[in-house]
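To start, the structure under review is shown below, and the notes come after it.
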Amino acid sequence: MNVSVLGCGWLGLPLAKDLINRGHVVKGSTTSQEKLHDLTAQGIIPFQIKLFEEGIQGDIASFLDDSQVLIIDIPPGLRKDPAENYIAKIGRLKEHIERSSIQQVIFISSTSVFKDGESMPVYTEEDIPNGIGVNSEQLIGTEKLISSDNYSTSIIRFGGLIGPGRHPVNYLSGRKNVKNPNASVNLIHLEDCVGLIDNILDSGLNGIFHGVYPEHPAKEAYYKEIAQKKDLALPQFDHHTASVGKIIKSVRVERELGYTYFKNITG
């Protein structure tokens, strides 16, 4: 199968390498000219692609041409540019997808489409997104936009991503007055992200999937344990303000895919 991976970053690059190891032909994109050589060295057919609200920079037609699957892994860049219209950028991409050979789109979304609450609400794939804030609204709008009659669509909402060089404890270490000590964590390891995408590709299933490790320890207990394991300064939590949070369940992943998470979040 020919697969195009839009966004060969922290998740997209190891995913592309995994797909090649599984026998697929992979095109991969980066926004950086300097990274094109790195993609080539990994056996990925490289493209420099950048999405804008007004259009797309790069040879998007060739990037999509002859591929059956497109995996979109470019998160909203709202921290750098809060005024960015992510929905409009993906809308420009969709115009090209509908004119291409793409038969399946896998869109990487986030569990941030759901709102936190003091009651620690539990959300499954059947719940309607209710997140507030610009990032949540942009993702919710994009999830609605990306579907089409011209191709099948799978949306994967990943929890917080952990793996090589990436763990929230590195940011929280030594900080004081960290909010929401009693909130549940919703995390997933990079290797399980790749594993889930592999399983969805193999299964042919469409629709919405949640990718979150099935254990949800409290934030304070979890991050203090991980900090100790990594020999980092312990974060100090705010116990004067009520905690808000949520629990994300991966019902379809376990029931329909039969997927078993193999990377424990405490490992």
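Model, not experiment: these values are computed from the prediction.
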> Can you hop from Ile248 to Leu190 via hydrophobic side chains spaced under 4.5 Å?
Replying inline: no

>> Has Gln138 got a side-chain atom pairing as donor or acceptor with Asn85's backbone, closer than 3.5 angstrom?
In response: no

> Are side-chain heavy atoms of Arg92 and Leu51 found at a separation under 4.5 Å?
Replying inline: no

> Passes side chain to side chain contact (heavy atoms under 4.5 Å, CB included), Ser136 versus Val113? Steps please.
Replying inline: CA-CA 5 Å; Ser136 299; Val113 298; 5.6 Å; no

> Is there a donor-acceptor pair closer than 3.5 Å between any side-chain N or O of Tyr222 and the backbone N or O of Ile265?
Replying inline: yes

> Is a side-chain N or O of Glu137 found less than 3.5 angstrom from the main chain of Asn135, in a donor-acceptor match?
Replying inline: no

> Step by step, would you call Glu143 with Phe107 a side chain to side chain contact (heavy atoms under 4.5 Å, CB included)?
Replying inline: CA-CA 8 Å; Glu143 287 187 2; Phe107 175 68; 4.2 Å; yes

> Sequence neighbours excluded, which residues qualify as side-chain hydrogen bond (donor to acceptor under 3.5 Å, both in side chains) partners of Thr153?
Replying inline: none

>> Whether the Tyr259 and Ser250 side chains hold a donor-acceptor pair (N or O, under 3.5 Å, no angle test) is what I'd like checked.
In response: no

>> Does Asn21, at its CG atom, have more than 12 non-hydrogen atoms belonging to other residues, nucleotides or ligands within less than 6.0 Å?
In response: yes

> Quick one: CZ on Arg252 to CD1 on Ile200, what's the gap to the nearest 0.5 Å?
Replying inline: 8.0 Å

> Are any of the side-chain heavy atoms of Val194 and Leu15 separated by less than 4.5 Å?
Replying inline: yes

> Looking only at atom types and distance, does a side-chain atom of His189 sit under 3.5 Å from a main-chain N or O of Glu191, one as donor and one as acceptor?
Replying inline: yes

> Can any side-chain N or O of Glu125 pair as donor or acceptor with the backbone N or O of Val251 at less than 3.5 Å?
Replying inline: yes

> Got a second to check how far Ser4's OG is from Ile44's CD1, nearest 0.5 Å?
Replying inline: 11.5 Å

> Any salt bridge between Glu84 and Lys89, counting N to O under 4.0 Å?
Replying inline: yes

> For the side chain of Asn180 and the backbone of Val244, is there at least one donor-acceptor N/O pair under 3.5 Å apart?
Replying inline: yes

> Side chains of Ile197 and Ile108: does their closest heavy-atom pair fall under 4.5 Å?
Replying inline: yes

> Hey, does the side chain of Asp192 reach the backbone of Phe262 with a donor-acceptor pair shorter than 3.5 angstrom?
Replying inline: yes

>> Please identify which of these residues, Tyr261, Tyr123, Phe114, Phe158, meets the ring pair (Phe, Tyr, Trp, His ring centres under 6.0 Å) condition with His210.
In response: Phe114

>> Using the side-chain contact (heavy atoms from CB on, under 4.5 Å) definition, which of the options Leu201, Ile146, Leu70 pairs with Ile106?
In response: Leu201

>> Is there a continuous path of hydrophobic side-chain contacts, each under 4.5 Å between heavy atoms, that joins Leu13 to Ile49?
In response: no

> What is the distance from atom NE2 of His37 to atom OG1 of Thr40, rounded to the nearest 0.5 Å?
Replying inline: 7.5 Å

>> Given 3.5 Å as the limit, does a donor-acceptor pair link the side chain of Lys230 with the main chain of Asn170, or not?
In response: no

>> Parallel, tilted or perpendicular, judged at 30° and 60°: which one describes the rings of His167 and Tyr223?
In response: perpendicular

>> Run His216 and Met120 through side chain to side chain contact (heavy atoms under 4.5 Å, CB included) and show every step you take.
In response: CA-CA 11 Å; His216 305 273; Met120 304 297 163; over 6 Å; no

>> Assess whether a salt bridge exists between Lys229 and Glu225, defined as any Lys/Arg side-chain N lying under 4.0 Å from an Asp/Glu carboxylate O.
In response: yes

>> Run Ile102 and Asn150 through side chain to side chain contact (heavy atoms under 4.5 Å, CB included) and show every step you take.
In response: CA-CA 8 Å; Ile102 297 295; Asn150 292 5; over 6 Å; no

> So, the side chain of Ser29 versus the backbone of Gly7: is there a donor-acceptor pair under 3.5 Å, distance only?
Replying inline: yes

> Regarding Glu126 and Thr124, is there a side-chain donor-to-acceptor distance under 3.5 Å anywhere?
Replying inline: no

> Salt bridge check: are Asp127 and Lys246 linked by an N-O gap of less than 4.0 Å?
Replying inline: no

> Is a side-chain donor or acceptor of Lys94 paired with a backbone partner of Leu145 at a separation under 3.5 angstrom?
Replying inline: yes

> Between NZ of Lys249 and OG1 of Thr111, what distance do you get to the nearest 0.5 Å?
Replying inline: 13.5 Å

